[in-house]
J.: 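Before I ask anything, here is the structure I am working with.
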Amino acid sequence: METIFAPGTGAGRAAIAVIRLSGPAVQGLLVALTGALPAPRVARYVTLREPGAGETLDQGLVLFFPSPQSPTGEDYAELHIHGGQAVVNGVLTTLARFPGLRAAEPGEFARRGFVNGKLDLSQAEGLADLIDAETEAQRRQALRIAGGALRRRVEGWRASVIEACALVEAELDFSDEADVGGFDRGRLHAVLAPLCAELRAALREAPASERLREGFLVMIMGPPNAGKSTLLNALARRDLAIVSPTPGTTRDMIEAHLDHGGLPITFADTAGLREAADEIEKIGVDRVLARVETADLALWLSAGGEAMPDAVPDGVETLKVSTKADLSPPPEGWLGVSAANGAGLPALLDEVARRAKTRLGDGGSALVSRERHRRALTAALAALEEARAGEKDLEFTAEDLRSAARALGRIVGAVDVEHVLDAVFSRFCIGK
Ligand SMILES: Nc1nc2c(ncn2[C@@H]2O[C@H](COP(=O)(O)OP(=O)(O)OP(=O)(O)O)[C@@H](O)[C@H]2O)c(=O)[nH]1
Ligand SMILES: [Mg+2]
């Protein structure tokens, strides 16, 4: 096993940087760098010297966690050094020259922790989300999952499936063929019915939790010159999009990510909808129409009460917003806003937030926050429903139950396999 190292802190100017190390060469390296092996789990202030040459690299704290009580389960150390780019580079260069050491791949520390049973796959994913969390509700959800909330539920479900499987397999093992028809399906049903209900309930919450990870997407749409870009800038309180009296100014989608009361809301400014004047504008308009299908809400902006064109797909939730309220009052049924004097903006934000909250929840009870989890749960539920229906021979029922257990095992990484692990851990940042 090679020993890996990577900065655990981000690049750029900072007071301190933390370099993480994990693997069998850690002890030898610490002696070579600092002159002695520090006591486990006690911070020690040391001078780091280049092994051999003896040149001083930096002074800082060193922490040593012997295997197996470490984040990776291996011998593990952290060097807390000065955060200057040259200091960090100097230490990294020295580490790379040390025999048996190499730079870590993205997610490799977490992966070693997973392999050594320090955390399961769902917790590793929760940790990755925690690092990416931008708002309070996202943080709450990620922390629950990193803390093992999903793992505990999935393990409970898996235990019930295995119990049901044992019932069926005992029947298959100990009865002769003729008796099998007499198997008491009632007991099986008693285990499976509540289990299916729980899986169904967890799946019902999945769309909200997945949306919370990704954010609530609001498309700002309308005819050219309606004031879409001006509204985006006013909401973001920054000059993100170009504003001009020329119709057809915006072509690309421009997004602003807002944290509104802990909810992640993305507003996207778009090209004005009309018969496009040129090829580039047409591409812009096509993109809007394609993207709006995945949006949670469309704001239809117009200064003169123009209706939404038929080209906009049905089924998209919309809110009619009358712009430039400083110039003329909104028509009946429209929410009036003025980016010029700020009128109506708080009401608009409140209305968007109200809808976002309904759609996203607050992360407090969420479990199934990823498509990977949702697919596995859906597969498990389908297999359990088959088993519960009891229309097939017991051999098939046993196979259905085994396949449900496998599907659940995939969520926590108890079964399967390298390609899932590669996919999950490669999306982590380096040093995680
Ligand atoms: N009086 C007034 N003028 C506004 C308001 N909002 C936007 N405008 C003006 O309307 C014009 C068009 O604004 P934009 O925000 O560029 O409009 P748009 O909908 O993004 O236009 P396209 O990108 O061309 O589709 C600009 O001259 C803005 O200054 C408002 O609330 N009040
Ligand atoms: Mg614009």
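Start at 1 and go down the list; that is how both ligands and their atoms are numbered. Along the sequence shown, residues carry numbers from 1.
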J.: Does the Asp58 side chain pair with the main chain of His82, one donor and one acceptor, at a distance under 3.5 Å?
T.: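 Pair found, side chain donor or acceptor close to backbone of His82.
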J.: Which N/O atoms of ligand 1 sit under 3.5 Å from a protein N/O, and at what distances?
T.:
unit_1: ligand 1; atom_1: 1 (N); unit_2: Asp326; atom_2: OD2; d: 2.9
unit_1: ligand 1; atom_1: 10 (O); unit_2: Lys324; atom_2: NZ; d: 2.9
unit_1: ligand 1; atom_1: 13 (O); unit_2: Thr230; atom_2: OG1; d: 3.4
unit_1: ligand 1; atom_1: 15 (O); unit_2: Ser229; atom_2: N; d: 3.4
unit_1: ligand 1; atom_1: 15 (O); unit_2: Thr230; atom_2: N; d: 2.8
unit_1: ligand 1; atom_1: 15 (O); unit_2: Thr230; atom_2: OG1; d: 2.4
unit_1: ligand 1; atom_1: 16 (O); unit_2: Ser244; atom_2: N; d: 3.3
unit_1: ligand 1; atom_1: 16 (O); unit_2: Ser244; atom_2: O; d: 3.4
unit_1: ligand 1; atom_1: 17 (O); unit_2: Gly227; atom_2: N; d: 3.2
unit_1: ligand 1; atom_1: 19 (O); unit_2: Ala226; atom_2: N; d: 3.1
unit_1: ligand 1; atom_1: 19 (O); unit_2: Gly227; atom_2: N; d: 2.9
unit_1: ligand 1; atom_1: 19 (O); unit_2: Lys228; atom_2: N; d: 2.8
unit_1: ligand 1; atom_1: 19 (O); unit_2: Lys228; atom_2: NZ; d: 2.7
unit_1: ligand 1; atom_1: 20 (O); unit_2: Ser229; atom_2: N; d: 2.9
unit_1: ligand 1; atom_1: 20 (O); unit_2: Ser229; atom_2: OG; d: 2.8
unit_1: ligand 1; atom_1: 21 (O); unit_2: Asn225; atom_2: N; d: 3.0
unit_1: ligand 1; atom_1: 23 (O); unit_2: Thr250; atom_2: N; d: 2.9
unit_1: ligand 1; atom_1: 23 (O); unit_2: Thr250; atom_2: OG1; d: 2.8
unit_1: ligand 1; atom_1: 24 (O); unit_2: Gly248; atom_2: N; d: 2.7
unit_1: ligand 1; atom_1: 24 (O); unit_2: Thr249; atom_2: N; d: 2.8
unit_1: ligand 1; atom_1: 25 (O); unit_2: Lys228; atom_2: NZ; d: 2.8
unit_1: ligand 1; atom_1: 25 (O); unit_2: Gly272; atom_2: N; d: 3.4
unit_1: ligand 1; atom_1: 31 (O); unit_2: Ala339; atom_2: N; d: 2.9
unit_1: ligand 1; atom_1: 31 (O); unit_2: Ala340; atom_2: N; d: 3.3
unit_1: ligand 1; atom_1: 32 (N); unit_2: Asp326; atom_2: OD1; d: 2.9
unit_1: ligand 1; atom_1: 32 (N); unit_2: Asp326; atom_2: OD2; d: 3.4

J.: Please set out all donor-acceptor pairs under 3.5 angstrom arising from side-chain atoms of residues 146-156, sequence neighbours excluded.
T.:
unit_1: Arg151; atom_1: NH1; unit_2: Gln123; atom_2: OE1; d: 3.2
unit_1: Arg152; atom_1: NH1; unit_2: Gly147; atom_2: O; d: 3.1

J.: Listing residue and atom name, which protein N/O/S atoms are closer to the Mg ion (ligand 2) than 2.8 Å?
T.: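 Sorted hits: Ser229 OG, Thr250 OG1.
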J.: Under 3.5 Å, side chain of Thr34 to main-chain N/O of Leu30, donor-acceptor pair present?
T.: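 Yes, because the side chain of Thr34 sits within donor-acceptor range (under 3.5 Å) of the backbone of Leu30.
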J.: List for me each residue that meets ring-ring contact (aromatic ring centres under 6.0 Å, His included) alongside Phe5, sequence neighbours excluded, and say none if there are none.
T.: none
J.: Quick one: pull up OG1 in Thr378 and NE2 in His373 and give me the separation to the nearest 0.5 Å.
T.: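 Between Thr378 OG1 and His373 NE2, I get 12.0 Å after rounding to 0.5 Å.
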J.: Around atom CD of Glu317, are there more than 12 heavy atoms from other residues, nucleotides or ligands closer than 6.0 Å?
T.: yes
J.: Evaluate the side-chain proximity of Arg354 to Arg359: yes if any heavy-atom separation is below 4.5 Å, no if none is.
T.: no
J.: What is the minimum heavy-atom distance between Val161 and Ala404, and which atoms define it?
T.: CG1-CB, 4.2 Å
J.: Just checking Ile162: does its CD1 atom have more than 12 heavy atoms from other residues, nucleotides or ligands closer to it than 6.0 angstrom?
T.: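 Atom CD1 in Ile162 is crowded, with more than 12 foreign heavy atoms closer than 6.0 Å.
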